[in-house]
Amino acid sequence: MAYDPQKIEKKWQRAWEKSGIYKAQDTVGGKKNFYHMVMFPYPSGNLHIGHWYNFAPADVFARFKRMNGFNVMSPIGFDAFGLPAENAAIKRKIHPKNWTHKNIENMRKQLKSMGNIYDWSREVVTCDPEYYKWTQWLFLQFYKNGLARKAKVPANWCPSCKTVLANEQAEGGKCERCDSQVIQEEIEQWLFKISSYADELLKGLDNLDWPETTKIMQRNWIGRSEGLQIKFSISNSQFSIPVFTTRADTLFGCTYLVVAPEHPIILNLKSEILNLKFVEQYIEESKKKTERDRISDLKEKSGVELKGVKAINPVNGREVPIFVADYVIMHYGTGAIMAVPAHDNRDFDFAKKYNLPIIEVVKGTVPLGGTVPTMAYEGEGALINSDKFTGMPSNDARERIGEWLQKQEKAEKKVYYRLKDWLISRQRYWGAPIPMVFCEKCSWQAIPEKDLPVLLPNIKNYLPTGEGKSPLAKSKKFINTVCPKCGGSAQRETDTMDTFICSSWYYLRYADPLNETEFASEEKLKAWLPVNVYVGGAEHSVLHLLYSRFFTKALNKMGLVNFSEPFLGLRHQGIILGPDGQKMSKSKGNVVDPDEQVKKYGADAVRMYLCFMGPYNQGGPYNPDGLVGINRFLNKAWGLFEKSTPTPKGVGAPTVSVGEFKNPKTEKLLHQTIKRVTEDIEGMRFNTAVSALMILVNELQQPTYKKDHGSISTFLLLLAPFAPHMAEELWSRLGNKDSIHNQEWPKYDPKLIEEERINLIIQINGKVRDKIDVPSGISEKEASDLVINSEKIKKWLQGQEIKKTIFVPNKLINLVV
RNA sequence: GCCGCGGUGGCGAAAUGGUUUACGCACAACACUUAAAAUGUUGCGAGCGAAAGCUCAUGUGGGUUCGAAUCCCACCCGCGGCACCA
């Protein structure tokens, strides 16, 4: 019978579902638990090839762990809240909930066609009230522990549409809809204090088994910088301006200060500023700029001097002018800087434009280039023009000047982070409601936990309101409630939560998905967490992966979980491109539909091809023609079985072990293949594992080996993680009653993989001149005797003196003449 | 601009200091066939050569080494992330 994937794949998927073989028990005697997880998909409607690339090779790994004696849990779910559901709803006039559930249903079917070991009994869907009840509960814990606060946050605001705009909707400072000028407006929003965990988030990275590049991205994102906070007093005034710098060594080169437009000192000095009108005008102008605009004209720096006020440089008592300029941002450091134009390019640009003095204080090894420097020198060097510090290396001077100023109480050491607090409010319908109420008398109050979940009401109009508020604000039924504290009338928060919150804890829920009284029980969390290996795209290197770490650390501090990192191991798959090497997109017409591929070649073939394509973390073009090779391989493997086995009539069919198999040459290759495949899967080098299997099949196919059951059983075990359906089918045809996926992974015999004879490379002066077949373990003396007397080599030596011999056992001999 | 990743046959790639091009695709010839498909066998980096063989080739240029795709330096190209962070 020919190989027919359509038939056997459906058959085994049903059988596995029926037997519940992949259901993860919390404890299995004698086995260690292994929590394997992939990034759960957003239910966009269809599983695309990128999902397959994430999930299929990851499943190979999970199956491999399973066969290696681990009690593996591999759960799946849906990240179901979010904007696209609303957009689709608006476009197609169906409710976001219905749209989402329809998509989930379809994707569930597609996921099942992959043949993965998902434990569907643990499925979580973040938009189900049973789930978001606990998202809300967790919000309350953050709130009660002082990690959630409501604060005014600048947002892009269109005064004409009366709405908040995302950065993308305010391109060029104009409202996307009405083209009017967008301004920066402060709006009350909920924030999570992730910044208070900056240091722990940074330190925790050190011990994680994560890609180094991902760790670097998180470190940069957190952006810790150590420096000095220096007080600049203001002449004839009680006020002073603290500035933060990492380059205290350049203090003598400070020729002016700059404060951000939002800096409070401007208000304080109002009466002193001679050109106040002008300054206020500038501040108004900069308010009009969106953050994006401020970034877009990086080179064109503008600012206005605060006339009538001067700051005093604490190192030399010199008076310097103060400017307000929007190249300084309020939310980092102190919102004010000391400008050293000779040694900072931003200050340099500004100083050039406004004709401010540039004083060089660090001499680098690279000269600035002539008398008119064209850019600042930002490197290290020796100090000049710096009083008693002149001549000192800049890194020493940094410390000395710091100590000196600290003694005078004019400065203190300080650490600042780039990481901002996490804005979690969304003025959107399709998300989990924030479980808070506002009472005129008692201010913000948490909803009592017993009243959770705060259900997302089924309103008709879920379109954005155009008033900067969530569509929920229109539902009187939803808003009006009573204050949990005083019992008076109160109003619900109408913002919903950022969907990143839902995905920041789903890995906890998988451990105990049906629990109605807790987000997860202590016992179940203990059984499974933290996650051993998490597989997903590198695009989540910062946001999702950082938020999840923050959640875990916060819950750990609250005593809700007993670990402080959620994902011990992390691996990224690469990005799949279209057959033309371009990013897949409908407009380019290069989209590969996995369903079609499965229909044509079967899930096993698609799984294997994705493994075979190239290095897993690299991705690359998906070439449907390449699948032909895998298809041939699977057919060969199938044929191998057909030819090797007399049709078992069900009775006493052989279950064969490796030991029964006798041909020495194949036996050696078989054991080498076991080693190779084992090590390659462990290291997620799926491509080379598949090629090793191909080499084995090519060998087993040779006429001499056709009747060999032992090798075929072992081969099937090695094949099982990659092509679980075919392996199961052939395994059962061999007469085995138990599933192949319950079998133990084969072990290789180290003695059997050694070669008796090897190909010794002969080099003269490092160039390969011959290869000879010799017994393995040959000594240097034996080898060099062979070489010197070889006819082929004689012409290269031509009686020259051998100056040096390099001998690499079992590999090569190199004679230097 | 800064940080990170990569550049090897016609193509996907293998090799992480020791035979460059494993495995697969494509291509060609042959076998089977009335024929085609499927399958199998063989060949397949470039140049010179009848052949044995030699020379050259891992983005470019230099260096370290007995020996470099692999390590170091400079540069070019492609991709990803961040972006006035003081």
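So that the names make sense, note that chain A is the first sequence line, chain B the second, and so on, each numbered from 1. Remember, predicted model here, so these are calculated numbers, not experimental data.
Nucleotides B/G78 and B/C84 are separated by 28 Å at their C1' atoms, to the nearest Å. One C1' atom belongs to B/G62, the other to B/G12, and the distance between them is 32 Å to the nearest Å. For the P atoms, the distance from B/U60 to B/A68 is 15 Å, rounded to whole Å. Distance noted for atom P between B/A13 and B/C25: 16 Å (whole Å). For the P atom pair drawn from B/A22 and B/U8, the interatomic distance equals 16 Å after rounding to whole Å. When the C1' atom is compared between B/C44 and B/A26, the two are found 11 Å apart, to the nearest whole Å. B/G59 and B/A69 have their C1' atoms separated by 12 Å, with the value rounded to a whole Å.
Checking A/Ile359, A/Ile230, A/Val315, A/Asn313 one by one against A/Cys254, the side-chain contact (heavy atoms from CB on, under 4.5 Å) holds for a single residue, A/Asn313.
Among the atoms of the strands shown, base atoms are found under 4.0 Å from some heavy atom of A/Ile761. Contact annotation for A/Arg224: no contact, since no heavy-atom pair falls under 4.0 Å across all strands. Looking at heavy-atom distances under 4.0 Å, A/Thr334 makes no contact with the nucleic acid at all. Nucleic acid contact class of A/Lys583 (heavy atoms, under 4.0 Å, all strands): sugar-phosphate only. Among the heavy atoms of the strands lying under 4.0 Å from A/Lys811 are primed sugar atoms or P, OP1, OP2 only; no base atom is included. Using a 4.0 Å heavy-atom criterion, one finds that A/Leu812 contacts the bases of the nucleic acid, with or without backbone contacts as well. Residue A/Asp347 is classed as having no contact, given no heavy-atom separation below 4.0 Å to the nucleic acid. Counting non-hydrogen atoms under 4.0 angstrom, A/Asn635 reaches nothing in the nucleic acid.
Aromatic pair A/Phe612/A/Phe633: ring centres not closer than 6.0 Å. No close placement of the A/Tyr622 and A/Tyr53 rings is indicated, their centers lying 6.0 Å or farther apart.
Side chain to side chain, A/Asp199 and A/Tyr417 meet the donor-acceptor criterion of an N or O pair below 3.5 Å. Under the 3.5 Å distance criterion, with hydrogens and angles disregarded, a donor-acceptor pair is assigned to the side chains of A/Asp347 and A/Tyr327. With no hydrogens or angles considered, no side-chain donor-acceptor pair links A/Glu305 and A/Tyr256 at under 3.5 Å.
A/His540 and A/His544 have perpendicular rings, their planes meeting at more than 60° on a 0 to 90° scale where under 30° would count as parallel.
Evaluation of the side chain to side chain donor-acceptor pair (under 3.5 Å) rule for A/Lys231 yields no partner, not counting sequence neighbours.
Its glycosidic angle being more than 90° from 0, B/G78 falls on the anti side.
At a cut-off of 3.5 angstrom, counting only N and O atoms as typed in the model, there is no donor on one side facing an acceptor on the other between the side-chain of A/Glu539 and the base of B/G81. The base of B/C66 lies outside donor-acceptor range of the side chain of A/Lys803, with no N or O pair under 3.5 Å.
Using a 4.5 Å cut-off on side-chain heavy atoms (C-beta onward), A/Leu202 and A/Arg219 make contact. Proximity of A/Pro57 to A/Met684: side-chain heavy atoms (C-beta onward) are nowhere separated by under 4.5 Å.
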Identify each donor-acceptor pair in which a side-chain atom of residues 803-817 of chain A lies under 3.5 Å from a protein atom, sequence neighbours left out, and give them as a table.
unit_1	atom_1	unit_2	atom_2	d
A/Asn810	OD1	A/Gly777	N	2.7
A/Asn814	OD1	A/Asn765	N	3.4
A/Asn814	OD1	A/Gly766	N	3.0

Just the table, please: protein N/O against nucleotides 37-39 of chain B N/O, every pair under 3.5 Å.
none

Distances for protein N or O near nucleotides 29-31 of chain B N or O, under 3.5 Å:
none

So which protein nitrogen or oxygen atoms get under 3.5 Å of nucleotides 5-12 of chain B's nitrogens or oxygens?
unit_1	atom_1	unit_2	atom_2	d
B/G12	O2'	A/Met613	O	2.8

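Along RNA chain B, the nucleotide nearest A/Asn698 and the nucleotide nearest A/Thr688 are compared for position; the residue whose nucleotide lies closer to the 5' end is A/Thr688. Both A/Asn759 and A/Ile695 lie close to RNA chain B; mapped to their nearest nucleotides by heavy-atom distance, the more 5′-ward contact belongs to A/Asn759.
For the pair A/Arg418 and A/Trp221, the distance from NZ or CZ to the six-membered ring centre is under 6.0 Å and the angle to the ring normal is within 45 degrees.
Base pairing in RNA chain B gives the following stems of 3 or more Watson-Crick or G-U pairs, range against range and under 3.5 Å: B:1-7 with B:76-82, B:10-12 with B:23-25, B:27-31 with B:39-43, B:45-48 with B:53-56, B:59-63 with B:71-75.
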